[in-house]
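Just so it is clear: chains get the letters A, B, ... in the order the sequence lines come, proteins before strands, and each one is counted from 1.
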Protein chains: 4
Amino acid sequence: MPAISPERMQDRYDAILDAAKQAFAEKGFEGASIADIARIAKISDGLVYRYFKSKRELLYGVLQKFYARILIDLEHEVFKHDKFPARLEALIKRHIGVFVADTDLCRLFIAEVRTSSDYEGSAIQDLNRRYTSVLIRIVREAVGNGEVKPDTNAKLLRDVLFGAIEHLAWRHVNGRGQLRAAQTARELTAMLTSGICID
Amino acid sequence: MPAISPERMQDRYDAILDAAKQAFAEKGFEGASIADIARIAKISDGLVYRYFKSKRELLYGVLQKFYARILIDLEHEVFKHDKFPARLEALIKRHIGVFVADTDLCRLFIAEVRTSSDYEGSAIQDLNRRYTSVLIRIVREAVGNGEVKPDTNAKLLRDVLFGAIEHLAWRHVNGRGQLRAAQTARELTAMLTSGICID
Amino acid sequence: MPAISPERMQDRYDAILDAAKQAFAEKGFEGASIADIARIAKISDGLVYRYFKSKRELLYGVLQKFYARILIDLEHEVFKHDKFPARLEALIKRHIGVFVADTDLCRLFIAEVRTSSDYEGSAIQDLNRRYTSVLIRIVREAVGNGEVKPDTNAKLLRDVLFGAIEHLAWRHVNGRGQLRAAQTARELTAMLTSGICID
Amino acid sequence: MPAISPERMQDRYDAILDAAKQAFAEKGFEGASIADIARIAKISDGLVYRYFKSKRELLYGVLQKFYARILIDLEHEVFKHDKFPARLEALIKRHIGVFVADTDLCRLFIAEVRTSSDYEGSAIQDLNRRYTSVLIRIVREAVGNGEVKPDTNAKLLRDVLFGAIEHLAWRHVNGRGQLRAAQTARELTAMLTSGICID
DNA sequence: GATGAATGAGCCTTCATTCAT
DNA sequence: TATGAATGAAGGCTCATTCAT
């Protein structure tokens, strides 16, 4: 019999995660302290460690929640459409939209997580893979129905697409430059579907 | 009358830079201490500061030297060729080659510099821009002679290309996965020049 | 439920303060390290910072405790007497006594605090003012009842008195020379009450 | 045979001393570096050590020059007068004047030299003694011709006088408060010659 | 369950002084 | 004589994590 109810535990868990999200967003991973997070969540420092094994786990928790959310959104947006180009454009637009709407979390992922040594094999990497595999799926389907060249390297395309968006979004993440999701999505879709060369 | 010859000073400068490169590569920027670097360079801690204003300057020095080298290499490789696809493929191949040959320095740049707040406006950013602008140049020339569609967004292509390579190279940087420079260059060139869709 | 009792916290606080007093007295402010203080107090370095915000705060804490003590003593000794000359002599004697008994703390105040840039407006300056204002009070009372000339500049007298004692005590503070509190108090009282000139 | 002429050496010596005076006045003893001083004197760091054994010697040199100057001034001003009260008032006025005119050097002496452990027995202390002994001399003469009480403790008076002036000048030294030399000299003279009590 | 006191490792930088050139 | 490169010691403070209460 737990000393507090499961509901209470879940509330706490969520509160800590929200507090961490806020603190990390404001100060970055290194800059935010456990004490900051505990204060925001209105609990003691020590209690954080009943719910999360380490500060890093907390970061992972925040990003997992984030990925879970954007994964559902992405699938929802992409599978509204049937044709491959429309799906691709929707995917690009949506992904850029994530950078715009959740700049701080994107920065967190790029700067603090993906570059870290324990990213490989982590739950975050798994979620990231699931997120990016939406592209793989629509490519495979498009190959199946003749929309896309059968020899297309889907994994290469995945790296191209997500690498490209991250790169162009980085300026936005750093506070400079505009990010026009719709227009960029259109251009990038055209570039990838038709190529840049004159036949 | 200087206390030591200019040659000796240059040697020292280079020795410190090499030591820093090694230390940063092994332990990362935060992980490497000035004491580590001084020990490797076989000098005293204090002397480091006669040649470099701060630890960060040292990092920048290391990366500047790196960029100066790969910039020359890139131009050399790219402008061997005349046709756009060949140039593009050479650029991709060469850039992937940098990740393969200088994994640690690439990691340093991606993880410790580009994500840092003082990257914007730094000399490193300038060098990076010069490096990536090689692509802009070959695209412009190719547009000029009808090889590439005139409405091609060169800057978008730049983000696509370098973002893509960074993304796909990251696995290699992190010690896993293979990176076949020649083959990947060929595939990526094809993808970007012709697009992935069937007309 | 606090992790430790308030009594324990107070004990710690006092222990740190005593350790700091000892370390500062032995080595001066700059010379004493936080590690020294922590070692004397038998705690970890970090814990010092839970009780005091900085090394300087610690110095101030030591001197505040000191001033609080000597202020009470001074008032007690001075107001034993009713007549002005007796009060003045008691004040002088007591103040000299402080230099004799707490040489190290006096040195600390004179050498490390009063000359520092953040002394002005500090809590220590306030305590010092309260301490020296005992003289102002007895002068004002003595003017009121006709013992002292009505045009006496009390603040000037304050500077004269405390400046004089500090000056003559400085030799003692520095380990040389004798300081005969009673005799010096008598002579100085006579000098200030009657002047040195023959009418 | 010296490699440079004695005149040149003396010029250098003076130039270094002036540079040190300026640097110390601007940044304090700790704050000014040998490099600062060498730069101001337009010589190399190392050469400073041909003329002065250590940074501290340099400080002492600066203050010796200072004391030599104010000693002559003081004697000149004081012995203009014949009567004791006039001499005393002149001495006080002049000494306050030094604080006003050479605030930085006074601060240097008070904060950095007199409180240091090697002050005792130093050449500076000797000069200080000679400076303050002007008072002893006029008191002795005044005792001799019946102007001052024969049992006056001249050394105590010395401490009182110089301690008092230093104390009241300290506020000025720290940039606050006014220092009216003439008026303060008058009041202080009256206080010390006649006392503050009504007979 | 909850608290928060306690731990302790870790490091850049300055600068007086020396001495090879 | 003059230079200035080279030395190397020294310490305040933060904070993730643990565990006594």
Side-chain angles (χ1 to χ4, degrees), chain A residues 1-5 8-9 12 29-39 43-58, chain B residues 1-6 8-9 12-13 30-38 42-56 58, chain C residues 1-6 8-9 12 30-38 42-58, chain D residues 1-5 8-9 12 29-39 43-58:
Chain A
M1 182 183 63
I4 63 168
S5 69
R8 184 87 192 277
M9 284 203 65
R12 277 248 220 268
F29 179 70
E30 304 280 353
S33 68
I34 293 291
D36 287 336
I37 294 165
R39 189 164 13 79
I43 58 164
S44 68
D45 294 19
L47 194 54
V48 172
Y49 286 84
R50 287 222 156 246
Y51 293 83
F52 297 89
K53 231 175 60 197
S54 68
K55 192 184 178 186
R56 194 135 205 106
E57 287 279 303
L58 210 38
Chain B
M1 175 179 47
I4 62 167
S5 68
R8 181 93 187 275
M9 283 206 66
R12 283 263 206 250
Y13 185 89
E30 305 280 354
S33 70
I34 293 291
D36 288 336
I37 295 166
K42 295 183 210 298
I43 58 165
S44 67
D45 292 20
L47 192 56
V48 172
Y49 286 85
R50 184 163 277 277
Y51 291 84
F52 296 90
K53 238 174 52 199
S54 67
K55 192 184 178 187
R56 193 138 206 105
L58 206 41
Chain C
M1 175 179 46
I4 63 168
S5 68
R8 180 94 186 274
M9 284 206 66
R12 282 265 205 248
E30 304 280 354
S33 69
I34 293 291
D36 287 336
I37 294 166
K42 295 183 210 301
I43 58 164
S44 67
D45 292 21
L47 192 55
V48 172
Y49 288 86
R50 184 163 277 276
Y51 291 84
F52 296 90
K53 237 173 53 197
S54 67
K55 193 185 178 187
R56 193 137 206 106
E57 288 277 302
L58 206 40
Chain D
M1 183 181 62
I4 63 168
S5 69
R8 183 86 192 280
M9 283 204 65
R12 278 248 220 267
F29 179 70
E30 304 280 353
S33 69
I34 294 290
D36 287 336
I37 294 166
R39 189 164 11 79
I43 58 165
S44 68
D45 293 19
L47 194 53
V48 172
Y49 286 85
R50 285 219 158 247
Y51 293 82
F52 296 89
K53 231 174 59 196
S54 69
K55 191 184 179 187
R56 195 137 203 105
E57 287 279 301
L58 209 39

Q) Paired with F/dA20 by Watson-Crick or G-U wobble geometry, both distances under 3.5 Å: which nucleotide is it? A) E/dT3

Q.
Which is more 5' along DNA chain F, the nucleotide nearest B/Tyr51 or the one nearest C/Glu30? Just name the residue.
A. B/Tyr51

**Q.** Spacing of A/Tyr51 atom OH and A/Arg12 atom CZ [to the nearest 0.5 Å]
**A.** 5.0 Å

(Q) Quick check: do A/Arg56 and A/Phe29 have side-chain heavy atoms less than 4.5 Å from each other? (A) yes

Q: Between C/Arg8 and A/Lys55, name the one whose nearest nucleotide on DNA chain F is closer to the 5' end.
A: A/Lys55

Q: Supply the atom-to-atom distance D/Glu57 CD to D/Tyr49 OH, rounded to the nearest 0.5 angstrom.
A: 11.0 Å

Q | Reported CZ-to-CD1 distance for the pair C/Phe52 and C/Ile37, which is rounded to 0.5 angstrom | A | 9.5 Å

Q: Mind calculating the distance between CG (A/Asp45) and C1' (F/dC15) to the nearest angstrom?
A: 10 Å

Q. Which listed nucleotide (F/dT1, F/dA6, F/dT18) is nearest to the side chain of D/Arg50?
A. F/dT1

Q) Nearest-Å distance, CE (B/Met9) to P (F/dA6)? A) 7 Å

Q) Can you tell me how far C1' of F/dG4 sits from CD1 of D/Ile43, to the nearest Å? A) 12 Å

Q: Would you kindly compare D/Arg56 and B/Gly31 by the position of their nearest DNA chain E nucleotide and give the one closer to the 5′ end?
A: B/Gly31

Q: Look at the side chain of D/Ile34 and decide which nucleotide, out of F/dA6, E/dT17, E/dT13, has an atom nearest to it.
A: E/dT17

Q: Send over the distance from B/Tyr49 OH to E/dT14 C1', rounded to a whole Å.
A: 10 Å

Q) Whole Å only: how far is the NZ atom of B/Lys42 from the P atom of F/dT7? A) 13 Å

Q: Calculate, to the nearest 0.5 Å, the distance between atoms CZ and OG belonging to A/Arg39 and A/Ser33 respectively.
A: 6.5 Å

Q. Over how many whole Å does the gap from A/Arg12 atom CZ to E/dG1 atom C1' extend?
A. 8 Å

Q: Just call it for C/Ala38: base, sugar-phosphate, or nothing, with non-hydrogen atoms closer than 4.0 Å on any strand.
A: nothing

Q.
Between A/Ser44 and E/dT3, is there a contact of a side-chain N or O with OP1 or OP2 at under 4.0 Å?
A. yes

Q) In whole Å, what is the span from the CZ atom of A/Arg39 to the C1' atom of F/dC15? A) 13 Å

Q) To the nearest Å, how far apart are C/Leu47 CG and F/dT18 C1'? A) 14 Å

